[in-house]
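Quick notes on the structure that follows.
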Amino acid sequence: MTWERFKTHTYHHPKLGFTLDYSRLPFPEDFLGSMEPRLAQAFAAMAELEKGAIANPDENRMVGHYWLRTPELAPTKELSDAITSTLAAIKEFTAKVHRGGITAPGGGKFKDVLVIGIGGSALGPQFVSHALGRPGGRRDRMGIHFFDNTDPDGMDYVLAGLGSKLKQTLVIVISKSGGTVETRNGMLEAAAAFKAAGLDYPKHFVAVTGEGSKLDQVAQKEGWLARFPMWDWVGGRTSELCAVGLLPAALQGIKIDKMLAGAAAMDAVTRKASLRDNPAALLALAWYWATDGRGSRDMVVLPYKDRLLLFSRYLQQLVMESLGKEFDLKGHVVNQGIAVYGNKGSTDQHAYVQQLREGVNNFFVTFLEVLGDRNADQSLEVEPGVTSGDYLQGFLLGTRDALTEKNRHSVTITVSEVSPHVVGQLIALYERAVGLYASLVGINAYHQPGVEAGKKAATGVIALKLKVAAALKAAPGAAFTAEQLAAKIGAPDRTEHVLKILEHLAANASNGVAKTARKPWFESTYTARA
């Protein structure tokens with residue numbers, strides 16, 4: 001790596017306070033030029049997408065998350081008006097909650113928010129909340145909490161943390177279809193907790209969902225506080241800058257206009273059909289070269305900033321759900337994708353950097369550097385002339401050099417600070433890079449058939465569970481092995497699942513199923529208590 005190569009292969013935008021250094025990818029000098037024809041096609045496809053073309057052919061949908069921060073670019077006035085009116089409604093609702101115009105049933109102000117969602121309905125809001133919130137609620141307008149799974153213990157943990165604050169807690173239930181079972185379960189668990197506390201839960205609940213969805217119908221029927229739309233042209237993993245992410249952020253006190261402005265500013269730059277002037281295109285080509293265009297290496301995301309800890313989790317869904325596809329647009333089996341994982345620096349100095357430097361070379365690193373150390377005017381000197389922030393930068397630059405010495409490749413993104421504007425920039429940058437990369441490898445980045453397959457399989461397990469429970473209940477006191485019970489219900493080919501279900505039933509006393517352990521272990525028996 002030389003100074004000349006660094007100057008040649010670093011993108012810098014002083015107005016945005018943004019830098020992308022891709023010089024530590026040792027691609028040959030003719031690589032970028034050789035990719036220009038394919039990139040031109042990707043630019044053209046992106047331009048058509050933004051004009052309203054069907055960019056998700058499998059679901060016959062437009063893809064419009066870029067319009068969320070620049071509504072005037074939406075292809076119809078109806079869409080533009082829907083975006084602007086929803087943003088206005090979010091701001092109006094938030095202002096009323098903050099000033100006490102909308103209050104809890106007892107008359108007190110709402111002080112906390114419980115967000116119920118999963119996947120894109122949780123990862124984006126969690127990332128933004130952690131990145132831009134203020135610890136201890138000292139400056140946050142409202143505390144924010146999440147149900148992001150169907151784990152009963154996880155929900156109990158959150159509810160226990162809320163405790164007596166439940167009576168002043170606003171609940172946002174987020175599901176586009178209204179049929180996502182994890183979110184539905186969280187909604188029912190939260191409603192039960194409110195009822196147990198003697199609270200009228202509809203007076204606390206808000207829905208973010210598709211018009212006419214199951215959730216929308218429930219919210220209308222029960223008279224929830226408010227309803228905000230989700231549109232079928234915004235995917236969950238690109239929904240942070242619609243009501244999904246903007247409503248929780250606004251209630252927390254985050255400046256959502258600045259976040260939208262940051263995304264719009266990055267969009268303006270990454271919309272340019274010129275490789276050297278487009279950081280998202282450069283990033284997409286960096287991924288292409290680093291992974292041989294086939295996902296042959298993993299993407300390790302290392303933000304050297306505690307506030308960006310959740311960025312890698314957010315990118316896991318955005319990148320892996322978008323790019324992890326079995327078929328290309330022509331129907332050929334390609335098994336595309338880029339695996340993403342990460343933690344934060346310099347924690348990683350004491351974790352997996354050892355393997356990154358000396359173990360299997362199956363990855364490339366994205367370092368994320370933040371120039372601003374802290375909000376305070378002055379940092380403590382931990383040594384003469386040296387602050388904690390100096391060490392953080394030292395570890396980043398030192399680790400990067402140590403990896404380069406061992407032919408481990410990396411790109412580095414540098415931003416000025418962690419602010420709403422910068423967070424908006426990062427969201428927009430990666431959304432565009434994912435879209436361009438998908439075009440380069442010829443896949444549909446905007447559907448998720450594998451997720452749907454998992455949901456269908458889970459539904460089958462639930463149906464089997466009901467059969468198992470019914471068979472046990474029909475013969476109280478009778479002992480069955482998993483094999484015997486599977487045969488009894490006509491599912492001998494699913495004996496392993498029957499065993500797992502029996503173990504789960506026996507582990508939870510409320511099910512009324514007792515286990516008698518035997519040797520070998522798979523001969524253990526299960527009995528429904530009489």
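For this chain, numbers begin at 1 and follow the sequence in order. Computed from a prediction, not measured in an experiment: that's the story for all the values here.
Just one of Tyr304, Phe127, Tyr341 meets the ring pair (Phe, Tyr, Trp, His ring centres under 6.0 Å) condition when paired with Phe311; it is Phe127.
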- Message: Run Thr209 and Ile174 through side chain to side chain contact (heavy atoms under 4.5 Å, CB included) and show every step you take.
- Response: CA-CA 6 Å; Thr209 188; Ile174 307 173; over 6 Å; no

- Begin from the C-alpha positions of His65 and Tyr446 and carry the test side chain to side chain contact (heavy atoms under 4.5 Å, CB included) through to its verdict. CA-CA 11 Å; His65 48 272; Tyr446 307 109; 4.1 Å; yes

- Message: Let's go through Val63 and Trp233 carefully: what are the C-alpha distance in whole Å and the side-chain angles of both, what is the deciding distance for side chain to side chain contact (heavy atoms under 4.5 Å, CB included) to 0.1 Å, and is it a yes or a no?
- Response: CA-CA 5 Å; Val63 174; Trp233 40 268; over 6 Å; no

- Task: Could you check Leu318 against Thr238 for side chain to side chain contact (heavy atoms under 4.5 Å, CB included), going step by step and ending with a plain yes or no?
- Result: CA-CA 7 Å; Leu318 177 62; Thr238 56; 4.0 Å; yes

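With hydrogens and angles disregarded, no donor-acceptor distance shorter than 3.5 Å links the side chain of Thr399 to the backbone of Leu396. With hydrogens and angles ignored, the 3.5 Å screen pairs a side-chain donor or acceptor of Ser177 with a backbone N or O of Gly179. Between the side chain of Lys515 and the backbone N or O of Ala507, no donor-acceptor pair lies under 3.5 Å. Side-chain atoms of His497 never come within 3.5 Å of backbone atoms of Val461 as a donor-acceptor pair (strictly under, hydrogens ignored). The backbone N or O of Asn343 sits nowhere less than 3.5 Å from a side-chain atom of Thr347 that would complete a donor-acceptor pair. Under the 3.5 Å distance criterion, the side-chain polar atoms of Ser239 are left unmatched by any main-chain donor or acceptor of Cys242. Counting only distance, with no hydrogens or angles, the side chain of Asp140 and the backbone of Arg134 share a donor-acceptor pair below 3.5 Å. A donor-acceptor pair under 3.5 Å links the side-chain atoms of Asp328 to the main chain of Lys330, judged by distance alone. Not a single donor-acceptor pair under 3.5 Å links the side chain of Asp148 to the backbone N or O of Ile116. Formation of a donor-acceptor pair under 3.5 Å by the Ser312 side chain with backbone atoms of Gly342 is found in this model.
Shortest non-hydrogen contact noted between Gln316 and Val340 is NE2-O, 2.9 Å. Annotation for Gly245 and Pro125: closest pair CA-CG, 4.1 Å, computed over non-hydrogen atoms. Contact record, Val244 with Ser121: CG1-CA, 3.8 Å, taken as the closest heavy-atom pair.
At least one test fails for Arg141 against the ring of Phe110: distance under 6.0 Å to the centre or angle within 45° of the axis.
Under the 3.5 Å distance criterion, with hydrogens and angles disregarded, a donor-acceptor pair is assigned to the side chains of Ser322 and Arg237. Residues Tyr314 and Glu240 have side chains that never bring a donor and an acceptor to within less than 3.5 angstrom of each other. Between the side chains of Gln354 and Glu358, at least one donor N or O lies within less than 3.5 Å of an accepting N or O. Inspection of the Gln220 and Asp216 side chains reveals an N or O donor paired with an N or O acceptor under 3.5 Å. In this model, a donor atom of one side chain and an acceptor atom of the other lie less than 3.5 Å apart for Asn56 and Asn444. Using a 3.5 Å distance cut-off with no hydrogens or angles, the side chains of Asp292 and Ser296 do pair a donor with an acceptor. One side chain, Thr412 or Arg400, offers a donor N or O that lies under 3.5 Å from an acceptor on the other. A donor and an acceptor atom, one from each side chain of Ser129 and Gln252, are located under 3.5 Å apart.
In Lys406, the NZ atom is not crowded: 12 or fewer heavy atoms of neighbouring residues, nucleotides or ligands sit closer than 6.0 Å. Counting non-hydrogen atoms of neighbouring residues, nucleotides and ligands closer than 6.0 angstrom, the CD atom of Glu211 reaches no more than 12 such neighbours. No more than 12 heavy atoms of other residues, nucleotides or ligands shown are found within 6.0 angstrom of CD on Glu483. At most 12 heavy atoms of other shown residues, nucleotides or ligands fall within 6.0 angstrom of atom CD in Glu496.
Between the CG atom in Leu25 and the CZ atom in Phe364 there is a gap of 7.5 Å [rounded to 0.5 Å]. Considering OG1 of Thr169 and CD1 of Ile144, their distance stands at 11.5 Å, rounded to 0.5 Å. A distance of 10.5 Å separates CD in Gln168 from CG in Leu199, rounded to the nearest 0.5 Å. Between the CD1 atom in Ile338 and the CD atom in Gln336 there is a gap of 8.0 Å [rounded to 0.5 Å]. The distance from the OG1 atom of Thr103 to the CG atom of Leu225 is 9.0 Å, given to the nearest 0.5 Å. Of the inter-residue distances, the one linking Lys344 atom NZ with Leu392 atom CG reads 9.5 Å to the nearest 0.5 angstrom.
You'll find the side chain of Glu523 reaches within 4.5 Å of the side chain of Pro520, heavy atoms only. The side-chain heavy atoms of Ile489 and Val498, taken from C-beta on, include a pair separated by under 4.5 Å. The shortest side-chain heavy-atom distance between Phe327 and Ile443 does not fall under the 4.5 Å cut-off. Under the 4.5 Å side-chain criterion, counting only non-hydrogen atoms from C-beta, Val206 is not in contact with Val173. Between Arg357 and Arg408 there is no side-chain heavy-atom pair separated by less than 4.5 Å. Between Leu302 and Tyr352 the shortest side-chain heavy-atom distance falls below 4.5 Å. Side-chain contact between Thr525 and Phe480 is absent, with no heavy-atom pair separated by less than 4.5 Å. Glu369 is not listed as a side-chain neighbour of Lys305, based on a closest heavy-atom distance of 4.5 Å or more.
Taking the six-membered ring wherever Trp is involved, the centroid distance between the rings of His204 and Phe194 falls below 6.0 Å.
Legend: residues meeting ring pair (Phe, Tyr, Trp, His ring centres under 6.0 Å) with Phe93, ordered by chain and number and at least two apart, are Phe228.
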